[in-house]
Structures are given as C-alpha cells and as structure tokens.
Amino acid sequence: MNKTIVITGGAGFIGSHVVRQFVSNYPDHTIVNIDKLTYAGNLENLRDIENQKNYRFEKTDIVLQDELNEIFNKYKVQGVIHLAAESHVDRSIENPMDFVHTNVTGTVNLLNACLKQWDNDYKGKLFYHISTDEVFGSLNREGYFVESTPYDPKSPYSASKASSDHFVRAYYNTYKIPVIISNCSNNYGPNQFPEKLIPLSVNNIKNNRPIPVYGKGENIRDWLYVIDHARAIDTIYHHGKKGQTYNIGGNNEWKNIDLIQLLCKVMDKKLGRKEGTSEKLITFVKDRAGHDLRYAIDSSKLRKELGWEPSVTFEQGLEMTVDWYLKNEGWINRITSGKYETYYEKQYKLR
Ligand code: NAD
Ligand code: TYD
C-alpha cells in the first residue's frame with residue numbers, strides 16, 4: 001500500500017539516517033522531509049538519495065501552523081516521525097526560548113496538523129515522537145532508566161523535550177490520536193554536527209586543537225551508533241504498539257575522559273601519529289552548568305518485545321565514525337568555516 005510519511009528534521013544528524021533508511025527500504029512510500037534548515041540542518045547529508053522518486057523536501061519551520069496544515073493537506077499524510085528539534089544542551093543554556101518554540105510549540109503544531117488532517121479517522125495513521133533519555137534526569141553510579149522512570153529533566157533542552165513528550169501523551173489520551181514515543185541515549189556516527197562531543201573531538205584532534213573536556217571528564221553517557229538508532233526507529237514505527245514508550249540504548253556506558261582517551265588512540269593510529277600524541281591535546285575546561293552525571297538506558301523492552309539489537313560494537317562504530325570524518329573533510333570544513341566559528345569562540349573560552 002502506498003503511504004505518505006512525514007519525517008521532520010530529516011536534514012539533521014539522526015533524521016538524515018532515518019530518511020535514507022525509509023526512502024531506500026520503502027520504495028512504495030513517499031517520504032516527505034520537513035526541515036527549517038537551521039544551523040544543524042544540512043541537505044548535503046541527503047545528497048545520495050535526493051533524486052529518488054519517493055523523496056520530497058519541504059523547507060518549513062514547524063512553528064508555523066498554517067504551513068504545516070498546507071503540507072499535510074497537499075500530501076495526505078498518514079504517518080509522522082518527528083525528529084526536528086533544537087538538540088544541543090549548551091545552546092539551550094544560552095537560549096532556552098529557541099527550545100520552547102521548536103521543541104514544545106513545534107511538536108504541538110504537528111499534533112494539531114495530524115488532528116486536522118486525520119479528522120478522527122485513525123486507521124493506518126501514526127504519530128511517532130523521537131525523544132531522549134535526558135527527560136529522566138540524571139543517575140548516580142547505579143541504576144538504569146526504564147520506560148516508567150519518572151520524568152525529572154534538568155536542562156532547558158531536556159525540559160523542552162519532556163514537555164513535548166507530555167503533549168504527545170496528552171493528545172493520545174484526550175483525542176485518541178495514535179502515538180508512540182521512544183527515548184534514546186547519546187548517538188554518534190557520520191553527519192553529526194561538530195558541536196557534540198565525538199565529532200568535535202575528532203575534528204580538533206585532526207587539526208591539533210585542544211580537546212575541551214568539561215569538569216573532570218567524570219560524566220557518563222550510554223553511546224549508540226546512529227544507524228542502530230535508525231534501525232530501531234524503523235522497527236518501532238512498523239511493529240511498536242500504539243500508546244507505548246520504548247527506551248533505546250546501546251548498553252554501552254563510557255566516562256567522557258575514558259572515551260576521549262580511546263578516541264585519541266584510534267586517531268593516533270589512523271593519522272600515523274605516535275601513540276600518546278593526541279592525548280596531549282586533552283584540556284579540562286569549566287564544567288557545564290547543571291551537568292547531568294550519568295545517563296544509562298535499560299532497553300530490554302524493545303529487545304524482548306520487538307527483537308531489536310544493535311548491529312555493531314562500540315569499537316566498530318567508533319572506527320567507522322572516525323573513518324567517515326577523515327574521509328569527508330569537505331563536509332566538516334564547509335560547516336566549520338561558517339557561522340559555527342563565532343559560536344565556537346564564544347562557547348570554548350579555554351581556561
Ligand atoms: P540535529 O540538531 O542534528 O538536527 C535537528 C534538525 O531539525 C535539523 O535538520 C534542523 O534544521 C531541524 N530543525 C530545527 N528546528 C526546526 C524547526 N523549527 N522547524 C523545522 N526543522 C527544524 O538533531 P539530532 O541530533 O539529529 O536529533 C534529532 C532528534 O533526536 C531530536 O528530537 C533529539 O531530541 C533526538 N535525540 C537525539 C539524540 C542525540 O544523541 N543526538 C539522542 C536521543 C534523542
Ligand atoms: P554532548 O555531545 O553535548 O551530548 P549530551 O550533553 O546531550 O550528553 O556531550 C556529551 C558529554 O560530553 C556530556 O557529558 C558533555 C561532555 N562534553 C565535553 O566534555 N566537552 C565538549 O566539548 C562537549 C560538546 C561535551
């Protein structure tokens with residue numbers, strides 16, 4: 001059956017992998033990418049599939065309700081996978097309102113567009129909201145986030161994502177609109193904007209620039225290869241139960257400083273440098289305000305009920321990621337030569 005699925009934020013990091021996967025795997029479905037192309041949106045991420053017959057792009061801000069309604073009416077949309085968001089914690093500390101507009105208002109606008117377009121006929125329809133493990137707050141050394149862990153967001157970013165999750169559930173309860181939510185841990189891989197820890201560090205190591213480590217580097221994150229997240233999204237979209245939440249994670253916790261040291265070793269090898277060379281670039285800088293100590297996801301519900309498993313180990317994923325950034329120098333240079341530099345100077349006053 002021919003279906004039209006909207007993917008929001010498809011020009012961003014995770015969204016571009018999800019768009020590629022759906023365009024390639026479902027040639028009978030039309031995939032409409034809605035993206036505003038903020039600093040984080042880059043159509044170059046989709047160059048290899050942009051001419052596919054089942055792909056469309058609509059440059060729109062999800063804060064604009066009328067434009068969304070028009071697009072939904074134009075394509076007779078049946079499914080939505082909602083990734084568009086302001087996604088960087090440090091930027092949310094600088095500019096919380098941007099996060100309220102896109103993450104909260106934008107999500108409610110999309111829900112409203114679905115309500116209007118679907119008009120109580122929910123057969124074959126789905127609103128799938130992509131969220132983060134950061135809504136659960138911060139863990140101490142022990143324990144895991146499960147689907148029923150109470151929300152306790154600590155940053156303006158996670159508070160805006162938590163708020164959007166609440167709206168999605170409220171629309172399910174109130175208007176019976178079919179929804180699914182997934183909460184994923186930290187992603188890494190090709191096409192990630194170089195303001196996030198791994199691509200930023202790869203780029204700095206390559207250019208012999210300091211690697212800024214916040215605080216003492218003791219914070220812990222659970223890392224998942226982006227293509228495994230995209231595979232999980234595909235599985236959940238097609239086999240998840242309406243009204244349910246699924247946690248997605250790599251079962252792969254790393255202290256920031258340990259991860260950076262491993263990355264330095266991989267980079268030394270790839271760049272033909274003597275082991276220990278890149279580690280000298282590690283520079284401890286002022287900690288992030290309200291820095292969450294640890295995130296760790298229990299994804300056993302997704303593994304048991306829907307049979308998803310990550311396809312690569314962290315060592316494999318990290319090596320593929322480093323190879324990608326080294327091979328795609330042009331991609332990263334085009335980003336770092338733009339506005340990003342001004343932001344970088346402001347953010348990283350090394351102390
Ligand atoms: P990203 O910042 O790389 O991409 C976001 C995309 O959304 C960009 O293409 C941007 O142009 C677009 N966008 C932003 N504001 C918009 C607006 N107002 N209207 C239309 N488009 C807009 O983000 P990402 O890392 O790919 O994250 C995607 C989603 O996954 C987000 O919802 C994020 O909360 C969630 N998530 C991310 C991670 C992670 O580690 N990156 C982990 C778990 C969940
Ligand atoms: P980040 O990639 O921003 O993801 P998130 O804040 O959503 O987890 O950061 C990952 C971890 O790395 C987090 O603990 C903050 C830390 N970090 C640094 O130490 N230095 C950096 O330059 C950045 C961007 C992050």
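Just so you know, ligand 1 is whichever comes first in the structure, and atom 1 is the first atom listed for that ligand. This structure is a prediction, so every number in the text was calculated from the model and none was measured.
For Phe136 and Tyr295, the distance between ring centers is not under 6.0 angstrom. Outside the 6.0 Å centre-distance limit, the rings of Trp118 and Phe72 are not counted as a close aromatic pair. Separation of the Phe284 and Tyr214 ring centroids does not fall under the 6.0 Å cut-off. A ring-centre distance under 6.0 Å is not found for Phe193 and Phe13. For Phe127 and Tyr171, the gap between ring centers reaches or exceeds 6.0 Å.
Within the listing of ligand 2, atoms 5 (P), 7 (O), 8 (O) sit less than 4.0 angstrom from a heavy atom of Glu134. Close approach to Asp61 involves these atoms of ligand 1, each under 4.0 Å from a residue heavy atom: 17 (C), 18 (N), 19 (N). Each of the atoms 14 (O) of ligand 2 lies under 4.0 Å from some heavy atom of Asn219. Shown in contact with His88 at under 4.0 Å from a heavy atom are these atoms of ligand 2, numbered in order with element: 3 (O). Taking a cut-off of under 4.0 Å to the non-hydrogen atoms of Pro212, the atoms of ligand 2 that pass are 18 (C), 19 (O), 20 (N), 21 (C), 22 (O). Every atom of ligand 1 is numbered from 1 in the order shown, and the set under 4.0 Å from a heavy atom of Leu37 is 11 (O). Shown in contact with Val89 at under 4.0 Å from a heavy atom are these atoms of ligand 2, numbered in order with element: 6 (O), 7 (O). Near Lys36, the atoms of ligand 1 lying under 4.0 angstrom from a non-hydrogen atom of the residue are 16 (C), 17 (C), 18 (N), 19 (N), 20 (C), 21 (N), 22 (C). Close contacts between ligand 2 and Val213 involve ligand atoms 19 (O) [criterion: under 4.0 Å to a heavy atom]. Near Ile130, meaning under 4.0 Å from one of its heavy atoms, ligand 1 places the atoms 30 (O), 32 (O). Short contacts between ligand 1 and Ala84, defined as distances under 4.0 Å to a heavy atom of the residue, involve ligand atoms 7 (O), 21 (N), 22 (C). For ligand 2 and Lys196, the ligand atoms under 4.0 Å from any heavy atom of the residue are 2 (O).
What sits closest to atom 4 (O) of ligand 1 on the protein, heavy atoms only, is Gly12 CA, 3.4 Å. Atom 2 (O) of ligand 1 has Ser87 OG, 2.7 Å as its closest protein atom, hydrogens excluded (heavy atom only). Closest to atom 42 (C) of ligand 1, if we only count protein heavy atoms, is Ser185 O, 3.3 Å. Among all non-hydrogen protein atoms, the one lying nearest atom 10 (C) of ligand 1 is Thr38 OG1, 3.3 Å. The nearest protein atom to atom 19 (N) of ligand 1, hydrogens excluded, is given as Ile62 N, 3.0 Å; this is a heavy-atom distance. With hydrogens left out, the protein atom closest to atom 25 (O) of ligand 1 is Phe13 CD2, 3.7 Å, a heavy atom. For atom 11 (O) of ligand 1, the closest non-hydrogen atom on the protein side is Asp35 OD1, 2.6 Å. With respect to atom 43 (C) of ligand 1, the closest heavy atom belonging to the protein is Cys184 O, 3.3 Å.
In this structure, Asn183 does not count as a contact residue of ligand 1, since none of its heavy atoms falls inside 4.0 Å of the ligand. Residue contacts with ligand 1 include Ser131, since one or more of its heavy atoms lies under 4.0 Å from the ligand.
Geometrically, ligand 2 and Arg221 share a nitrogen or oxygen pair separated by less than 3.5 Å. Looking at Tyr214 next to ligand 2, an N or O pair under 3.5 Å apart turns up. Residue contacts with ligand 2: Asn256 is placed with a nitrogen or oxygen under 3.5 Å of a nitrogen or oxygen of the ligand (distance criterion only). Where the criterion is an N or O separation shorter than 3.5 Å, residue side chain and backbone included, Lys161 meets it with respect to ligand 1. Residue-to-ligand polar distances keep Asn186 apart from ligand 1: every N/O pair is separated by 3.5 Å or more. Distances between N or O atoms of Leu200 and those of ligand 2 include no value under 3.5 Å.
Side-chain contact annotation: Asn2 with Asp28, donor-acceptor N/O pair under 3.5 Å absent. Counted by atom type alone, Asp165 and Ser131 present one or more donor-acceptor pairs between their side chains at under 3.5 Å. With hydrogens and angles left out, the side-chain atoms of Trp223 and Asn187 include no donor and acceptor closer than 3.5 Å.
Annotation: cation-pi pair Arg294/Tyr144 present, NZ/CZ under 6.0 Å from the ring centroid and within 45° of its normal. Note that Lys301 lies in the cation-pi zone of Tyr246, set by a 6.0 Å cut-off to the ring centre and a 45° limit from the axis.
Salt bridge Glu329/Lys206: present, at least one basic N to carboxylate O contact under 4.0 Å. Asp98 and Arg91 are not joined by a salt bridge, as no carboxylate oxygen comes within less than 4.0 angstrom of a charged side-chain nitrogen. The pair Asp35-Lys59 does not meet the salt-bridge criterion, since no charged nitrogen lies less than 4.0 angstrom from a carboxylate oxygen. Between Glu44 and Arg334, at least one side-chain nitrogen of the basic residue sits less than 4.0 Å from a carboxylate oxygen of the acidic one, meeting the salt-bridge criterion. The residues Asp268 and Lys265 are annotated as not salt-bridged, no charged nitrogen and carboxylate oxygen being separated by less than 4.0 angstrom.
Distances from atom 6 (C) of ligand 1 to the heavy atoms of Gly9, Ser16, Gly106 put Gly9 nearest. By heavy-atom distance, the residue among Ile14, Thr102, Thr8 lying nearest atom 16 (C) of ligand 1 is Thr102. Closest to atom 3 (O) of ligand 2 by heavy atom, among Gln192, Arg288, His291, Glu195, is Arg288. Distances from atom 1 (P) of ligand 2 to the heavy atoms of Leu197, Leu293, Ile282, Asp287 put Leu197 nearest.
At a heavy-atom distance under 4.0 Å, only backbone atoms of Thr60 (N, CA, C or O) approach ligand 1. When non-hydrogen atoms are compared, ligand 1 lies under 4.0 Å from neither the backbone nor the side chain of His82. If you look at Asn186 next to ligand 2, the close heavy atoms, those under 4.0 Å, all belong to the side chain. Of all the heavy atoms of Tyr157, the ones lying under 4.0 Å from any atom of ligand 1 belong exclusively to the side chain.
Using a 4.5 Å heavy-atom cutoff, the side chains of Tyr225 and Phe314 are not in contact. Put simply, the side chain of Pro190 reaches to within 4.5 Å of the side chain of His17, judged on heavy atoms.
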- request: Verify ring-ring contact (aromatic ring centres under 6.0 Å, His included) between His238 and Tyr26, making sure each step is shown before the conclusion.
  value: CA-CA 11 Å; His238 288 100; Tyr26 306 102; 4.6 Å; yes
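For the side-chain hydrogen bond (donor to acceptor under 3.5 Å, both in side chains) test with Thr107, the passing option among Lys161, His166, His82 is His82; the others fail.
The backbone N or O of Asn73 sits less than 3.5 Å from a side-chain atom of Lys76, completing a donor-acceptor pair.
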